[in-house]
Amino acid sequence: MKRIHGLARGRVQGVFYRKSAEEKADALNCTGWIRNLPDGGVEFEVQGDDGRVDDFLRWARRGSSAARVDEFEQYEMDPVEGEKEFRTSFENG
């Protein structure tokens, strides 16, 4: 089990990046959250089995079909116990 905090920058807002991320995380049985940032980037945390999180991160580096990820950062974090879903936040960071 691992948890990753990630940041994606480029054309990642208004191109279904968050919605596609939620669908990908759900398909992989990962938990966490995703939100837009005021600077135009997207921030997320994803948690799950190592291989599933790695699959999500491979997707996140590309994003949705309309997205263009120019910069991508990730940091490992301690897992959060009791988290049940991956959710989209509509509040800007």
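All values derive from a computational prediction rather than experimental measurement.
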Taking only distance into account, with no hydrogens and no angle test, what donor-acceptor pairs under 3.5 Å do side-chain atoms of residues 59-72 form with protein atoms, sequence neighbours excluded?
unit_1	atom_1	unit_2	atom_2	d
Arg61	NH1	Leu57	O	3.4
Arg61	NH2	Gln74	OE1	2.5
Arg62	NH1	Arg58	O	3.3
Ser64	OG	Val15	O	2.6
Arg68	NE	Asp70	OD1	2.9
Arg68	NE	Asp70	OD2	3.3
Arg68	NH2	Asp70	OD2	3.0

Which side-chain N or O atoms in residues 75-84 pair as donor and acceptor under 3.5 Å with protein atoms at least two apart or in another chain?
unit_1	atom_1	unit_2	atom_2	d
Tyr75	OH	Glu73	OE1	2.4
Glu83	OE1	Arg3	NH1	2.7
Glu83	OE1	Thr31	OG1	2.7
Glu83	OE1	Gly32	N	3.3
Glu83	OE2	Arg3	NH2	3.2

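In this structure, CZ in Phe56 is found 13.5 Å from CG in Asn29, a value given to the nearest 0.5 Å. Separation of atoms CZ (Arg52) and CD (Gln47) is listed at 13.5 Å; rounding is to 0.5 Å. In this structure, the separation between CE on Met1 and CG on Asp49 is 5.5 Å, given to the nearest 0.5 Å. In this structure, the separation between CZ on Arg18 and CG on Asn36 is 4.0 Å, given to the nearest 0.5 Å. The distance from the CZ atom of Arg87 to the CZ atom of Arg35 is 9.0 Å, given to the nearest 0.5 Å.
Using a 4.5 Å heavy-atom cutoff, the side chains of Lys19 and Thr88 are not in contact.
Note on Ile4: it clusters hydrophobically with Leu28, by side-chain heavy-atom contacts below 4.5 Å among ILVMFWY residues. Val53 and Tyr17 fall within a single hydrophobic cluster, where Ile, Leu, Val, Met, Phe, Trp and Tyr are joined by side-chain heavy atoms under 4.5 Å apart, directly or via other members.
Glu43 contributes no side-chain N or O that, together with a main-chain N or O of His5, makes up a donor-acceptor pair within less than 3.5 Å. In this structure, Asp39 contributes its side chain and Gly41 its backbone to a donor-acceptor pair below 3.5 Å.
Of all heavy-atom pairs spanning Glu45 and Phe86, the tightest one is O-CE1, 3.5 Å.
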